[in-house]
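Structure first, then comments.
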Amino acid sequence: MNARNSAWFFLSVPFLCFSLNTHLSFGVETLSVGESISGDQTIVSEGDGNFELGFFTPGNISQKYYIGIWYRKISEFTTIWVANRDKPLSDKYSSQLKLLEDGNLVILDSSKTIIWSTNLTPKSSNSTEAALRDSGNFVLRDVSNSSDLIWQSFDHPTDTWLPGGKIRLNKLTHESQRLTSWKNSEDPATGLFSLELDPAGTSQYFIMWNGSVQYWTSGTWNGHIFSLVPEMRSNYIYNFTYVNNTEENYFTYNLYNSSIISRFVMDVAGQINQLTWVAGVGWNLFWAQPRQKCEVHALCGAFGTCNEQASTSCSCLQGFNPRNAIDYSNLSDWSGGCVRNTPLQCMNNASVNGGKDGFLKMSNMGLPINSQSLAVGSAQACELACLNNCSCNAYAYDGGCSVWEGDVLNLEQLSDDDTGGKDLYLKLASSELSNTTSGVPKKGSATGAIVGAVSGVVALLGFLVVLIWTRQRRKLVGTSKGVEGYLVPFSYKDLQIATKNFSEKLGGGGFGSVFKGILPDSTVVAVKKLEGISQGEKQFRTEVSTIGTIQHVNLIRLRGFCSEGTKRMLVYDFMPKGSLDSYLFNEKKSSEVLDWKMRYQIALGTARGLAYLHEKCRECIIHCDIKPENILLDAEFCSKVADFGLAKLVGREFSRVLTTMRGTRGYLAPEWISGVAITAKADVYSYGMMLFELISGRRNSDQSDDHKCGFFPTWAARQINEEGEILSLLDCKLEGNADLAEVNRACKVACWCIQDEEVHRPSMGLVVQILEGVVEVSPSPIPRTLQILSENHEHMVFFSESSSNPSSHSQSPKSGTSSKVRSIKSSPNPMT
Ligand SMILES: *[C@@H]1O[C@H](CO)[C@@H](O)[C@H](O)[C@H]1NC(C)=O
Ligand SMILES: *[C@@H]1O[C@H](CO)[C@@H](O)[C@H](O)[C@H]1NC(C)=O
Ligand SMILES: *[C@@H]1O[C@H](CO)[C@@H](O)[C@H](O)[C@H]1NC(C)=O
Ligand SMILES: *[C@@H]1O[C@H](CO)[C@@H](O)[C@H](O)[C@H]1NC(C)=O
Ligand SMILES: *[C@@H]1O[C@H](CO)[C@@H](O)[C@H](O)[C@H]1NC(C)=O
Ligand SMILES: *[C@@H]1O[C@H](CO)[C@@H](O)[C@H](O)[C@H]1NC(C)=O
Ligand SMILES: *[C@@H]1O[C@H](CO)[C@@H](O)[C@H](O)[C@H]1NC(C)=O
Ligand SMILES: *[C@@H]1O[C@H](CO)[C@@H](O)[C@H](O)[C@H]1NC(C)=O
Ligand SMILES: *[C@@H]1O[C@H](CO)[C@@H](O)[C@H](O)[C@H]1NC(C)=O
Ligand SMILES: *[C@@H]1O[C@H](CO)[C@@H](O)[C@H](O)[C@H]1NC(C)=O
Ligand SMILES: *[C@@H]1O[C@H](CO)[C@@H](O)[C@H](O)[C@H]1NC(C)=O
């Protein structure tokens, strides 16, 4: 054995161990003519071995086999391509993937029948080989010229779009190269949802249902972004390219940083998802369209209803059951829809089971649009019209009469907060109605009168009971002052009364809506109704009491909470001036302009609040969602950070909520996308982005009105570094009235905050000191993610102590004229 061989030997040992442990396979790199793989044999991608191809079984219960490609180096088994998606195999050992002499790649089942083929024109030469490229592209190529591709899997995608892949429309054949969802998580068969280019040849994407109904569009490509996907503006991860020539239109993309693992996938539930791999966490979903799952056409099938908030999106309407129970209930494959338990009597003249059909009232529904309107003048006439027409399945009366015939699709159950809901009357057999309490069976006027009278008495009694009960409760709960320092547990009823049944909405957000309320002792509060909280009551109380112990003048105070059944609410101090965004971005001339002094105090207060969260609490609390909407202002315009601690409350769904919300992405640090663990420095990044907005008075993402400077942070970073005119950065509404030294300091610190590398960003404590003027700051390099590289600033001069003595209001230790460089770690705490 010569030196070279032994080196090869040692190199190959770790690789063998890996593959023996995981797949008991040998990983070949190429298939030559006549060669095949079978059983546990796989093909590993050339180069770094990022991908692997072989037989696999999807999901947990399926016993079927497919040839597919999956990521080889990540811990969660994730396929990116399936060859025989509609033709599964029952056994992998007797099946083969083979490169035939005629140059075609085929899959042979146990009886040696070809069940899948590349379908190329046969050619009798031995010069073809099959190889898996490290991009995840499986190719057939000429042996003597590896760039001469005869066939590639990227031209036949299944549900996944990888960097380098194409979504294409062939203009000559009108053939569309699209992503099509799996049928469900256990079955890669062609599903109902697809992402494709507009067949008419424009540059927009559609998401289609069953190739016929389009329910989402990206808008056309304007050279930089799709017009209806504004969040692409702050994109610095993907480089999209659009090609339009005589033969084809296509989009392709690649990653600026190729070490990021990222994919687009047309999900089984009809959304296009963009995910990146985060080591130790898993696939992080950071973009999805349509944003709401209930916007997906026919997601819940016929006679199913969609609920945006529920963890299982779909359920059958009352009186209906899934057509296919396992698909519907266990596999989240709702496409089969629901069928009636009991046929309508309508079909049968003789009243067999006694009684005619009736209607079930369903309240607060989002109604499907495929209704027909009837020209009748009353609800009774509308009901009668539906009752007397066998093909009518439901009606609604809202000034006009709408009836639904055939399958009822796209019905949505709205949440309690949503006031846009309507009543729908669903036609059911009388036996199904007698089963329910809320049913409205056909009744005579006499019974109606009796029912009316009885319900009146019941309501009166109920009112009295509530009245007495609340009076007693008020005595028990007392005033909120009575329990100062502790969290008040409120009942749902308390809060319903305090908020006048949640009538005055202060704002919405990813975690739920906020309502104004008045407690019995006249304290004004803000009640946040949390949505999508999956954790149990005990854990919720633990988390809430942790948040309750956190008190600081720049943090919004939690007064109490409600945890009743599935209802979870938080009760905060009410902030009369609302949130910062309404002052910064409000277009109305009449709105108050925050002067520079106020802005600086808001910046400083926010930094102090965050520093407290990061450094002073028992457990470091990362806010994760710093943006002007979450900075509230009290009567004196003192800033209070809101919504802290929610990341833990909301749990797993948090990053999804965060990242699928419009506009939020502009504040998200790159590590949210590139996949390293999130630290307090992610807040520092968002704070920096927000600081730019305080200075400029406009959204960073807003490039429409002022093209001369483009993305504001980039421009600002350049201005500062090139000794540009600092004043030009300032919000023009201020008309130049500002302390230039403060503007300069704020700009510099904002630039440091948005550095790509977390270690280069200052801690919030240090930000406070800089803003207080205790510590002097040098200009920062321009962040790489802003795509501007400035060679002049490669050396990292950090923060040195101020040589002057500028701050009058600071209580932090000062060091006079000392010029020694202080490290970030040892900086004294700014909190007082
Ligand atoms: C398979 O089972 C695991 C663990 O029970 C579960 O987390 C995962 O979602 C299941 N996968 C599918 C596709 O159902
Ligand atoms: C291809 O290779 C096979 C086996 O090596 C050989 O039998 C056959 O003659 C070759 N065909 C051509 C066209 O070279
Ligand atoms: C290899 O194939 C590519 C693509 O077909 C072609 O452009 C190139 O000229 C070929 N190179 C040689 C050396 O034949
Ligand atoms: C593609 O190019 C053709 C010819 O240059 C042009 O007429 C057409 O509008 C373009 N289509 C798109 C979708 O950009
Ligand atoms: C999808 O369309 C095909 C015809 O193109 C039709 O046969 C099939 O029933 C449709 N699927 C559903 C679920 O409606
Ligand atoms: C973006 O991709 C195109 C084509 O793939 C390439 O030509 C271009 O250089 C890329 N741009 C950047 C900034 O990487
Ligand atoms: C479907 O789910 C139910 C409840 O989770 C379970 O009892 C049942 O065994 C599942 N059925 C199959 C076929 O997995
Ligand atoms: C139902 O009644 C109508 C008239 O009331 C009659 O014409 C029809 O034949 C009956 N159908 C059946 C199935 O009995
Ligand atoms: C029932 O509705 C269908 C569809 O609109 C309509 O064609 C038919 O005339 C209606 N039948 C009656 C009896 O009104
Ligand atoms: C009432 O509902 C139950 C299940 O909810 C069902 O088993 C039963 O058959 C229904 N009764 C009638 C009369 O339809
Ligand atoms: C690319 O991403 C990796 C991991 O996310 C990171 O370690 C690396 O520094 C990045 N490279 C560049 C040039 O940004």
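For ligands, and for the atoms within them, numbers begin at 1 and follow the listed sequence.
Closest of all the heavy-atom pairs between Q177 and P157 is CG-CD, 3.6 Å. The nearest pair of heavy atoms linking E693 to F585 is OE1-CZ, 3.6 Å.
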- Does the side-chain hydrogen bond (donor to acceptor under 3.5 Å, both in side chains) test come out yes or no for T220 and N222, once each step is laid out? CA-CA 6 Å; T220 49; N222 71 5; over 6 Å; no

- Message: Walk me through whether S153 and N137 qualify under side-chain hydrogen bond (donor to acceptor under 3.5 Å, both in side chains).
- Response: CA-CA 6 Å; S153 63; N137 194 7; 3.3 Å; yes

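Distance alone, capped at 3.5 Å, is enough to place a donor-acceptor pair between the R761 side chain and the K681 backbone.
Taking a cut-off of under 4.0 Å to the non-hydrogen atoms of G201, the atoms of ligand 4 that pass are 13 (C). Less than 4.0 angstrom separates some heavy atom of T241 from each of these atoms of ligand 6: 2 (O), 3 (C), 4 (C), 5 (O).
Between D86 and T190, the side chains place a donor N or O and an acceptor N or O closer than 3.5 Å (distance only, hydrogens not considered).
For Y242, every heavy-atom contact with ligand 4 shorter than 4.0 Å involves the side chain, none the backbone. Looking at T202 against ligand 4, only its backbone comes within 4.0 Å, counting heavy atoms. Of all the heavy atoms of N254, the ones lying under 4.0 Å from any atom of ligand 6 belong exclusively to the side chain.
At the top of the distance list for atom 10 (C) of ligand 3, counting protein heavy atoms only, stands N145 ND2, 2.3 Å. Among protein heavy atoms, atom 8 (C) of ligand 4 sits closest to N244 ND2, 3.7 Å.
Inclusion of Y256 in the set of residues having an N or O under 3.5 Å from an N or O of ligand 6 is not warranted.
Protein non-hydrogen atoms do not reach within 4.0 Å of atom 4 (C) of ligand 4. Distance remark: protein heavy atom present below 4.0 angstrom from atom 14 (O) of ligand 3.
The existence of a salt bridge linking R168 and D155 is confirmed by a sub-4.0 Å separation between a basic side-chain nitrogen and an acidic carboxylate oxygen.
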